[in-house]
Novice: 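The structure's right below; bear with me while I get my questions together.
Numbering of ligands and ligand atoms starts at 1, following listing order. Values reported hereafter were calculated over all heavy atoms of this structure, with side chains retained and with hydrogens, waters and symmetry mates removed.
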Amino acid sequence: MDIHEYQAKEILRGFGVPVPRGGLAYSPEQAGYRARALGGAAWVVKAQIHSGGRGEAGGVKLCRSEEEVRDFAATLFGKRLVTKQTGAAGKEVYRVWVEAASDIAQELYLGFVLDRKSERIMIVASAHGGMEIEDLAESDPDSLCRMVIDPATGLCEFQARELAFALGLRGGLVAQMVSTLRACYRAYRELDAMMVEINPLVVTHAGEIVALDAKMSFDTNALFRRPQIAELRDASQEDPRESMAADHGLAYVGLDGDIGCIINGAGLAMATMDMIQLAGGAPANFLDIGGGASPERVTQAFRTVLADRNVSVVLVNIFAGINRCDWVAEGVVQAYRELGLTLPVVVRLSGTNVEEGRRILRESGLPLITADTLAEAAERAVAARPKLAA
Ligand code: ADP
Ligand code: MG
């Protein structure tokens, strides 16, 4: 789960990361008021959306008067900002962050990510920040420093110093960098983050380290024990299809094809995606109903999958271990009737109570297409798609 820049800054400030003073605004007037309350002569006004690349997309501006702050904020509210990361649909701006402008001498890059290979947190840093890490990795790969942290010791002082030196920092900046690095590491660990990125982390002319941007994303599977983080969710920034599924405790991934998929388990979902592609089709999405799905849950799954207008066929593929094929079958029949389905539905059931499940489907009298194997199910789903008008 992603959060906004201003939320990440507030969290990181709590752990001891220096961030600029700022205030949130929901209207141009409030943005102007924020600038006045902050004082000073220059402010940076920043669109709050779940995306980087806002600067390039016109979502960040240095303003030199309260009027300029207000006017720029007015152009942002309600706008869909399209950045390199949002896709063509962009993301709508409802909140604007106004902060004191920093006098930048140098921009650094700092990121904390989970390195799956070593199964540890890895710090990635560069003395050349400001641009996106992907571009940096391409244009200046030698500038990247990487450091893997042993969870038993955490980020040690000497390691943090080593990294600060590798970035070319000297004198009083080293101690500031050490404390910033350790603060980020603690925030990452203690809040079940998946990523902490500060780009840019700047050195000011006055010799201070400040985080001018901040991005954090969190492990959704850990949100149950991080209620203060779960609260920061902003559904307006998510794919509406995915929010709807999350609200019902279903795991959903939106894709670009036209076959809607209801599956149990991520592994089976991956295999099903592959089989659909192999059969010449393309999945519109997949929804993982998990274990022990009741008929009601299956009906809700249909609702969610059908909320995607691109869906022209639904494929239900269940390998029941904890699940029961008879419940799933009842759910399919119930969904078909309740939702008045007219599009083709392909069902493949296997595992616990499969005979009972198949009997329910057969005796329902509904025009369901059944299949015994995964390959068959994928082929039938692809074949069942309405033919495009020539
Ligand atoms: P994004 O990464 O989405 O483009 P950033 O927060 O990194 O947004 O802002 C883009 C650029 O704007 C930064 O690289 C920095 O040069 C400048 N900037 C951002 N905040 C400030 C600030 N408080 N003072 C001065 N410059 C800033
Ligand atoms: Mg940035």
Novice: Distance under 4.0 Å to a non-hydrogen atom of Arg54: what atoms of ligand 1 satisfy this?
Specialist: 1 (P), 3 (O), 4 (O), 5 (P), 6 (O), 8 (O)

Novice: Please check this pair: side chain of Asn199 against backbone of Gly130, looking for a donor-acceptor N/O pair closer than 3.5 Å.
Specialist: yes

Novice: Looking just at side-chain N and O atoms, do Thr153 and Asp150 make a donor-acceptor pair shorter than 3.5 Å?
Specialist: no

Novice: Please confirm if an N, O or S atom belonging to Asp213, backbone or side chain, lies less than 2.8 Å from the Mg ion (ligand 2).
Specialist: yes

Novice: Considering only heavy atoms of Ala100, which atoms of ligand 1 have at least one such atom less than 4.0 Å away?
Specialist: 23 (N)

Novice: With Gln48, which of Lys91, Arg95, Gln7, Glu5 fulfils side chain to side chain donor-acceptor pair (under 3.5 Å)?
Specialist: Glu5

Novice: Under 3.5 Å, is there a donor-acceptor pair between the Ser51 and Thr83 side chains?
Specialist: yes

Novice: With backbone taken as N, CA, C and O and side chain as the heavy atoms from C-beta onward, which portion of Ile104 lies under 4.0 Å from ligand 1: side chain, backbone, both, or neither?
Specialist: side chain

Novice: Are side-chain N/O atoms of Gln300 and Arg297 paired as donor and acceptor at under 3.5 Å?
Specialist: no

Novice: Suppose I only count heavy atoms of Glu99 and a 4.0 Å limit; which atoms of ligand 1 are within that range?
Specialist: 20 (N), 21 (C), 22 (C), 23 (N)

Novice: Can you sort out which atoms of ligand 1 are near Gly52, meaning under 4.0 Å from one of its heavy atoms?
Specialist: 3 (O)

Novice: Which residue owns the protein heavy atom closest to atom 22 (C) of ligand 1, what's the atom, and how far is it?
Specialist: Val44 CG2, 3.4 Å

Novice: Is Arg146 salt-bridged to Asp115, cutoff N-O under 4.0 Å?
Specialist: no

Novice: Measure the distances from the heavy atoms of Glu107 to every atom of ligand 1 and state whether one is below 4.0 angstrom.
Specialist: yes

Novice: Using salt bridge (charged side-chain N to carboxylate O under 4.0 Å, His left out), reason through Arg348 and Glu376 one step at a time and then give a plain yes or no.
Specialist: CA-CA 9 Å; Arg348 180 251 178 166; Glu376 237 172 58; over 6 Å; no

Novice: What residue and heavy atom of the protein are closest to atom 2 (O) of ligand 1, and at what distance?
Specialist: Asp213 OD2, 3.0 Å

Novice: Does Gly53, backbone or side chain, put an N or O under 3.5 Å from an N or O of ligand 1?
Specialist: yes

Novice: Looking at atom 11 (C) of ligand 1, would you say a protein heavy atom lies below 4.0 Å from it?
Specialist: no

